[in-house]
Amino acid sequence: MKLQYAVFLCFFLTFTGFHQVAVAQESPNIQSLIENSSASNAFWSVQVRDENGQTIENLNGSKLVRPASNFKLVSSAAFLSLLGSDYVFETPLYGRGELDGDVWRGDLIVRGMGDPTINGEFSDDDPLFLFEKWYQVLDSLGIRSIDGNLIGNSGLFDDIPYPRGWEWDDLSYYYAPEIGALSFNSNVVDLEVVADGQVGSTPSIQWFPFNTSYVEFINEQIITPPGTKYDESYRRVLGTNTIILRSTLPQGYYETEPLSVMEPDLYFIDSFSRYLEAGGIEVRGQLLTDDEYYDWSSDDLKLFDLHRSVPLPEIVNLINRDSNNFYTEMLLKTVAEDEFNTRGSTELGLRLLKEYMHNTGFDTLSVTLRDASGMAPATLIKADDLNKFLVNLEKESYFDHFMSSLSTGGVSGSLSHRFRNSPVRGKFYGKTGYVSGVRTLSGYLSASSGNWLTVTIFTNNYTASTSHVDFIHEKILEYLYSTY
């Protein structure tokens, strides 16, 4: 009976003009590379399209997988589309009061506008550049003391510091800081540790900025004999700015680590106050934070300065080349505030991001989104959707900005240390992704034939070393490079 039905179905499809469309499968070469690897028991998803958008390699492309930081490819393109390539952040410094000789009698107010770049990235590695600029503004007015409060307003964003699903043991580190509308130094302190004492003693520490007492370090680290292994252990006590240090460091070892702080708006104001005081401008009042959302149209506010950030494409460069989670999540809340004219939130930002994904061909009934950076384990997409998205993106007006933000294999960004001795060096332009058990790689490959390929490789749930998974990814790229 089954045979008769199959014959009938074949006759019916032929007679009515329907033809079966061949679906590309992974080549035996790619299959062999995976099956003969130590990561063969992981879940692999591979999708490759040629320059005409035709699928030429497909392995589990329709399955949901964790993209890790490959999801930033989608987020960064959405930011360019929703905000525009000319978008800049503008952060104002206001005064509320009057100048009386060399005394400002009243408050200074910093309105947080979501600018993630008030750090050293675009200012010759000087994170204090804005404080110096504002110090010069006040100094030029002859102000030597502020008889009032220093207030930081963070009301542009909601007060939820993290996307849902970020793992608690990541929250001490630079790649998972709090997200707030008023931020300084990417909301981290930069710790330096020098194992310059005797074996068994405690190494010396200092930190930027100013060895600030905004954080408390409990230094329980131990210096071990030369040649022993460095073992890192840093943990911020959740809900506090107390950071416990328990690393073991071989004698003579030098270590730096950016560690996150809580209440970034207060961290900003506290650091600004210390900078003014160091320059001889006394702050007599309190350091206050305010999270109300205002329209800021009051006539009693004097604009002392309006700081403008670099344009959005330069920020997107760091999102993709350096895989910056902080910039990504700050921009997600920014697009929400910009679109809805209300406090920016991760939830509203994800709504806009999902709408953008729907409009660009993603199956948004299947995907789940918890963040914009791919850190959350519950953020899931399909390799097929991402690969097709990258193909279609070449038609968009902002593609040149997007393309220039990608790393080049063996040359720049997060791919600079990979493919250095490979024929794909300088030929692959893309983005890495990594969280525990997940390694991903997506982008564009200029094959030896001159063909332009769009490549997506997701490896989930692996227990082999990440370097081994990277090796298999490299071999897959080399096969694609020489074959197509």
Side-chain angles (χ1 to χ4, degrees), residues 89-97 106-119 130-131 134 146 148-164 166 171 176-189 212 214-215 236-241 260-276 283 285-298 300-307 309 325-352 371-372:
F89 291 92
E90 296 182 334
T91 303
L93 173 65
Y94 293 115
R96 182 170 56 201
D107 301 328
L108 289 186
I109 305 168
V110 182
R111 184 189 181 194
M113 295 298 291
D115 186 351
T117 69
I118 303 176
N119 52 41
L130 184 56
F131 298 160
W134 285 351
I146 299 163
N149 303 317
L150 198 53
I151 303 172
N153 178 272
S154 59
L156 198 75
F157 293 171
D158 67 5
D159 59 359
I160 300 175
Y162 306 109
R164 279 194 299 156
W166 279 16
L171 303 183
E178 291 195 3
I179 309 303
L182 184 59
S183 296
F184 161 66
N185 200 39
S186 300
N187 298 340
V188 300
V189 291
T212 177
Y214 189 77
V215 296
R236 180 166 58 83
V237 179
L238 294 184
T240 75
N241 281 317
S260 69
V261 299
M262 65 174 298
E263 296 187 84
D265 49 355
L266 184 57
Y267 178 47
F268 185 110
I269 293 299
D270 182 80
S271 300
F272 184 29
S273 173
R274 292 173 192 273
Y275 194 86
L276 293 179
V283 179
Q286 301 181 68
L287 305 182
L288 304 176
T289 58
D290 174 18
D291 63 359
E292 293 297 317
Y293 185 80
Y294 302 112
D295 62 10
W296 296 90
S297 60
S298 175
D300 66 351
L301 293 177
K302 173 180 174 57
L303 180 64
F304 281 130
D305 186 66
L306 184 66
H307 169 66
S309 74
N325 298 328
F326 173 66
Y327 284 15
T328 307
E329 301 303 336
M330 290 282 279
L331 277 164
L332 183 70
K333 290 192 175 186
T334 297
V335 296
E337 192 281 333
D338 185 75
E339 174 68 21
F340 297 112
N341 198 30
T342 187
R343 299 181 74 180
S345 68
T346 298
E347 181 182 3
L348 289 175
L350 291 178
R351 183 190 302 179
L352 288 171
D371 63 358

> Which pair of heavy atoms, one from Val110 and one from Leu93, lies closest together, and at what distance?
CG2-CD1, 3.8 Å
> Roughly how far apart are Asn325 CG and Tyr162 OH, rounded to 0.5 Å?
13.0 Å
> Do you know which two heavy atoms are closest between Leu350 and Ala372, and how far apart they sit?
CD2-N, 4.3 Å
> With distance as the sole criterion, is a donor-acceptor pair present between the side chains of Ser186 and Asn119 under 3.5 Å?
yes
> How about Glu329 and Pro163: do any of their side-chain heavy atoms sit closer than 4.5 Å?
yes
> Please report the interatomic distance CZ(Arg96) to NZ(Lys302), rounded to the nearest 0.5 Å.
15.0 Å
> With distance as the sole test, does Ser273 use its side chain to make a donor-acceptor pair with the main-chain N or O of Asp270 at under 3.5 Å?
no
> Under 6.0 Å from the CD1 atom of Ile160, do we count more than 12 heavy atoms belonging to anything else shown?
no
> For Lys333, is there an ion pair with Asp158 - N to carboxylate O distance below 4.0 angstrom?
yes
> Atom CG of Asp291 and atom OG of Ser154: how far apart are they, to the nearest 0.5 Å?
5.5 Å
> For residues Arg164 and Thr346, is any side-chain donor paired with an opposing acceptor at under 3.5 Å?
no
> Which pair of heavy atoms, one from Thr342 and one from Glu337, lies closest together, and at what distance?
O-CG, 3.1 Å
> Which heavy atom in Ser260 sits nearest to a heavy atom in Pro177, and how many Å separate them?
CB-CA, 4.1 Å
> Would a 4.5 Å heavy-atom cut-off, applied to side chains only, mark Phe268 and Asn185 as touching?
no
> Could you report the tightest heavy-atom contact between Arg343 and Leu348, atom names first, then the distance?
O-CD1, 4.0 Å
> With side chains defined as the heavy atoms from C-beta onward, is the minimum distance between Phe157 and Asp265 less than 4.5 Å?
no
> What about Tyr275 and Trp134, are their ring centers closer than 6.0 Å?
no
> Tell me the closest heavy-atom pair linking Gly349 and Ala336, and the distance in Å.
N-CB, 3.5 Å
> Are Asp371 and Trp166 packed together at the side-chain level, in the sense that at least one heavy-atom pair is separated by less than 4.5 angstrom?
yes
> How long is the span from the CG atom in Leu266 to the OG1 atom in Thr289, to the nearest 0.5 Å?
6.0 Å
> Show, in sequence, the C-alpha distance, side-chain angles and deciding distance for Thr91 and Leu306, and conclude whether the side chain to side chain contact (heavy atoms under 4.5 Å, CB included) test is met.
CA-CA 6 Å; Thr91 303; Leu306 184 66; 6.0 Å; no
> Look only at the side chain of Ser309 and the backbone of Phe89, and say whether a donor-acceptor pair between them is shorter than 3.5 Å.
yes
> Any donor-acceptor pair under 3.5 Å linking the side-chain atoms of Glu263 with those of Tyr214?
no
> When you compare the side chain of Ile146 with that of Leu276, does any pair of heavy atoms fall below 4.5 Å?
yes
> Applying side chain to side chain contact (heavy atoms under 4.5 Å, CB included) to Ser183 and Tyr267, what does each step give before you reach the verdict?
CA-CA 8 Å; Ser183 296; Tyr267 178 47; over 6 Å; no
> Do the non-hydrogen side-chain atoms of Leu182 and Met113 ever get within less than 4.5 Å of each other?
no
> Can you find a heavy atom in the side chain of Phe184 that is under 4.5 Å from one in the side chain of Ile269?
no
> Looking only at side-chain N and O atoms, does Thr212 offer a donor or acceptor that is under 3.5 Å from a partner on Arg274?
yes
> Taking C-beta and beyond as the side chain, do Arg111 and Leu156 meet within less than 4.5 Å on heavy atoms?
yes
> Please assess Asp115 against His307 for the test side chain to side chain contact (heavy atoms under 4.5 Å, CB included), listing each intermediate value before the final yes or no.
CA-CA 10 Å; Asp115 186 351; His307 169 66; 3.8 Å; yes
> Nearest 0.5 angstrom please: Leu171 CG to Leu238 CG, how far?
6.0 Å
> If you measure only the distance, is there a donor-acceptor pair under 3.5 Å linking the side chains of Asn153 and Asp290?
yes
> After noting the C-alpha distance and the side-chain angles of Asp107 and Tyr94, does the key distance pass the side chain to side chain contact (heavy atoms under 4.5 Å, CB included) rule?
CA-CA 8 Å; Asp107 301 328; Tyr94 293 115; over 6 Å; no
